Amino acid sequence: MVETNRCPACAEPVDPGDRFCEACGDPLLRQGSTTAATTSLPGPRRCLACGAVSPHATEYCDECGLRLPTAADRTTVDLDVLAGVSDRGLVHHRNEDAIALGRLLDGTTAAVVCDGVSTTKNPERAAQAASEAALAVLLGTDAPAEPADRIRAAVAAAADAVRALNTVDRSPDGASCTLVATYVVGGLVTIGWVGDTRAYWLDGTGSRLLTRDHSWAAEVIAEGVMDEAAAFADRRAHTITRWLGPDMRPEPDVMTLQPDGAGTLVLCSDGLWNEVPDAARLAGHAVGDTPLAIAERLTEVALAAGGRDNISVVVIPLEGAQE
């Protein structure tokens, strides 16, 4: 028996590729980003000055008296089958990350995480523009049908969006960012990335990092020049070798994954993986809950480990191959 897709608002039949219901006009595409997301206050709040955690609904730290983080310091996007959190962290004065995610009625999902390059001007604007431009292509009707080509087109659109921010100020340190994006359709996961934003597959037994950073450390490790410990101890470790910015239009690396069992896809900025880089440790926090609860838990893990950078996490549980 073939299941008919129906509009959630009026229950009339709709085609899987429709963005709006022809009967009532309601949108069938659900999406959100850090500019159009719900904001939520973290439960117990950690003081940025002294590190004390206050469990009370108060504006000021119980220990040192300074003002506590507010709801504006964290944004969340919850689309039921996938969710994301972007948090300022405990050190930076603003959030230069951005997330954008969406899903279609036919089950197709897409998500983007961008991390603004803090040594450039207006990195938060680059991250926001890139994430929204990429998502628009990933869920668009006129993008390439082949998933890998769709990812490449999304990254190209993100690069164009960042470049447009720098049309007046053409300095080499104009707004820039890194990006990781995924497009999931029919159980096939396609991932593209530029820079050191990452994707992990977490399933308890086969958890692993899926992407390889475009960074100085990753390159010297791959070339056998240094081992991992020595490379990441070097001051050049996090120098990125690809990014979206006014002086670079990089080709993304693209990979596909066809899970044969249930697991969780996680996209994240280095605010998470710098604190907890091990996939097995991440997997321990990614079981038995909703996507939003997992994203919030992973964010809290990064905060508890120091929260030294902006933290962005997108969580997409997947069932794997169906018989």
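Keep in mind that this is a model prediction, so the values were computed, not measured.
Put simply, the side chain of Tyr200 gets close to the backbone of Pro277: a donor and an acceptor are under 3.5 Å apart. Arg308 contributes no side-chain N or O that, together with a main-chain N or O of Gly306, makes up a donor-acceptor pair within less than 3.5 Å. Distance alone, capped at 3.5 Å, is enough to place a donor-acceptor pair between the Gln258 side chain and the Gly187 backbone. No donor-acceptor pair closer than 3.5 Å links the side chain of Asp149 to the backbone N or O of Ala145. Between the Trp243 side chain and the Leu179 main chain, no donor and acceptor come within less than 3.5 Å of each other. In terms of modelled atom types and a separation under 3.5 Å, the side chain of Thr197 and the main chain of Thr178 share no donor-acceptor contact. In this structure a side-chain-to-backbone donor-acceptor pair under 3.5 Å is present from Arg242 to Glu251. Between the side chain of Ser86 and the backbone N or O of Ser312 there is no donor-acceptor pair closer than 3.5 Å. Formation of a donor-acceptor pair under 3.5 Å by the Arg103 side chain with backbone atoms of Thr108 is not found in this model.
Looking at residues two or more places apart in sequence or on another chain, you find a side-chain contact (heavy atoms from CB on, under 4.5 Å) between Arg125 and Asn122, Leu165. Val117 meets the side-chain contact (heavy atoms from CB on, under 4.5 Å) test with Thr119, Thr120, Ser176, Ile240; sequence neighbours excluded. Not counting sequence neighbours, Val287 has no partner by the side-chain contact (heavy atoms from CB on, under 4.5 Å) test. Applying the side-chain contact (heavy atoms from CB on, under 4.5 Å) rule to Asp142 yields no partners; only residues at least two apart in sequence or on another chain are considered. In this structure, Asp203 has no salt bridge (Lys or Arg N to Asp or Glu O under 4.0 Å) partners at least two apart in sequence or on a different chain. Scanning for side-chain hydrogen bond (donor to acceptor under 3.5 Å, both in side chains) contacts around Ser207 gives an empty result, with sequence neighbours left out.
Other cluster members for Leu292: Val85, joined by side-chain heavy-atom distances under 4.5 Å among Ile, Leu, Val, Met, Phe, Trp and Tyr.
In summary, the side chains of Asp97 and Ser269 do present a donor paired with an acceptor at a separation below 3.5 Å, with no hydrogens or angles considered. A donor-acceptor contact closer than 3.5 angstrom links the side chains of Glu132 and Gln128.
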Under 3.5 Å, sequence neighbours excluded: what are the donor-acceptor pairs made by side chains of residues 218-232?
{"unit_1": "Glu219", "atom_1": "OE2", "unit_2": "Thr241", "atom_2": "OG1", "d": "3.0"}
{"unit_1": "Asp227", "atom_1": "OD1", "unit_2": "Ala229", "atom_2": "N", "d": "3.3"}
{"unit_1": "Asp227", "atom_1": "OD1", "unit_2": "Ala230", "atom_2": "N", "d": "2.8"}

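The residue from His92, Arg94, Arg88 that alone fulfils the side-chain hydrogen bond (donor to acceptor under 3.5 Å, both in side chains) condition with Asp73 is Arg88.
For residues 265-307, the ring pair (Phe, Tyr, Trp, His ring centres under 6.0 Å) pairs, not counting sequence neighbours, are His238-Trp273. Listed by first and then second residue, the ring pair (Phe, Tyr, Trp, His ring centres under 6.0 Å) pairs involving residues 105-129 amount to none (not counting sequence neighbours). Residue pairs satisfying the ring pair (Phe, Tyr, Trp, His ring centres under 6.0 Å) criterion with at least one member in residues 131-152, sequence neighbours excluded, are absent. Within the structure, the salt bridge (Lys or Arg N to Asp or Glu O under 4.0 Å) test picks out the following pairs touching residues 185-200 (sequence neighbours left out): Arg198-Asp213.
The shortest side-chain heavy-atom distance between Val162 and Asp160 does not fall under the 4.5 Å cut-off. The closest side-chain heavy-atom distance from Ile294 to Leu298 is below 4.5 Å. Annotation: side chain of Ile151 is not in contact with side chain of Ile191 (no heavy-atom distance under 4.5 Å). Between Val112 and Leu101, every side-chain heavy-atom pair lies at or beyond the 4.5 Å cut-off. Here the side chains of Asp309 and Ile311 are not in contact, with every heavy-atom distance at 4.5 Å or above. Between Arg152 and Val254, the closest side-chain pair of non-hydrogen atoms falls below 4.5 Å. Between Val194 and Val155, some side-chain heavy-atom pair lies under the 4.5 Å cut-off.
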Inset, instruction - Evaluate the criterion side chain to side chain contact (heavy atoms under 4.5 Å, CB included) for residue pair Ile316 and Val81; output intermediate values, then yes/no. - result: CA-CA 7 Å; Ile316 310 174; Val81 296; over 6 Å; no
Step by step, work out the side chain to side chain contact (heavy atoms under 4.5 Å, CB included) result for Thr190 and Thr182.
CA-CA 6 Å; Thr190 306; Thr182 189; 5.8 Å; no
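Within a 6.0 Å radius of CZ in Arg281, other residues, nucleotides and ligands contribute 12 heavy atoms or fewer. Within a 6.0 Å sphere centred on CZ of Arg235, other residues, nucleotides and ligands contribute 12 heavy atoms or fewer.
Connection of Val137 to Trp193 is not established within any shared hydrophobic cluster, with ILVMFWY side chains joined at heavy-atom distances below 4.5 Å, either directly or through further cluster members.
Residues Arg74 and Glu300 are paired through a salt bridge, judged by an N-O separation under 4.0 Å between the basic side chain and the carboxylate.
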